[in-house]
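Beneath this line is the structure, given in structure tokens, with notes to follow.
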Amino acid sequence: MALFFSNQTTNDTSAAIDWFGGDGTFYAHGVFDGGTVTLQASFDGAANWIDVGPDATFSAPGAGNFRIGRCKLRAVVTGATSPSLTAGI
């Protein structure tokens, strides 16, 4: 289990973690206040990032499963006015 954000109060990008591939569950909860939390992956050492997919993007509390190969993962909070968000895998 890895925690990207704990009570995050601004739009921000988390630190990246190494993902060794396989199945995972991404979750986010708290006050979104118009914001979106997205799980992103990089396959080139963190130079370029892509969204993992619709099951790993939330604008309200939720959890979604994903399957992805070896990469780096991070979470991104965007569009929020005054959030208080927790997100992890």
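Computed from heavy atoms alone, side chains included, the values below leave out hydrogens, waters and symmetry copies. One is the number of the first residue; the rest follow in order along the sequence. The structure displayed is predicted, hence computed values, not measured ones.
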Contact check, side chains of Val37 and Leu85, non-hydrogen atoms, under 4.5 Å: yes

Cluster check Phe32, Phe4: I/L/V/M/F/W/Y, side chain < 4.5 angstrom: yes

Pair Ser14-Asp12, side-chain donor/acceptor within less than 3.5 Å: no

Spacing of Thr38 atom OG1 and Trp49 atom CH2 [to the nearest 0.5 Å]: 13.0 Å

Phe26 and Phe58 aromatic ring geometry - parallel, tilted or perpendicular at 30°/60° bounds: parallel

Closest non-hydrogen atom pair, Cys71 against Leu73: SG-CD2, 3.8 Å

Test log, rule side chain to side chain contact (heavy atoms under 4.5 Å, CB included), inputs Thr86 and Phe5: CA-CA 5 Å; Thr86 297; Phe5 294 119; 5.7 Å; no

Check: Asn7 side chain, Ser84 main-chain N or O, donor-acceptor pair, under 3.5 Å: no

Val77 and Thr10: CA distance, side-chain angles, deciding distance, side chain to side chain contact (heavy atoms under 4.5 Å, CB included) verdict: CA-CA 8 Å; Val77 177; Thr10 60; over 6 Å; no

Phe43-Trp19 aromatic ring centre distance below 6.0 Å: no

Heavy-atom pair of closest approach, residues Ile17 and Ala2: CD1-CB, 3.8 Å

Donor + acceptor pair across side chains of Ser6, Gln8 (<3.5 Å): no

CA sep, side-chain torsions, deciding dist, call: Arg74, Thr13, side chain to side chain contact (heavy atoms under 4.5 Å, CB included): CA-CA 7 Å; Arg74 71 179 185 186; Thr13 301; 3.4 Å; yes

Between CG on residue Leu39 and CG on residue Asp51, distance to nearest 0.5 Å: 8.5 Å

Closest non-hydrogen atom pair between Ala46 and Lys72, with its separation: CB-CD, 4.1 Å

Donor on one side chain, acceptor on other, Thr25 and Asn65, under 3.5 Å: yes

Side-chain heavy atoms of Thr57 within contact of Thr36, under 4.5 Å: yes

From CD1 (Ile50) to CD1 (Ile68), nearest 0.5 Å: 6.0 Å

Check: Ser42 side chain, Asn48 main-chain N or O, donor-acceptor pair, under 3.5 Å: yes

Side-chain donor/acceptor of Asp33 to backbone N/O of Ser82, under 3.5 Å: yes

Pairwise side-chain contact, Gln40 with Val52, heavy-atom cut-off 4.5 Å (strictly under): no

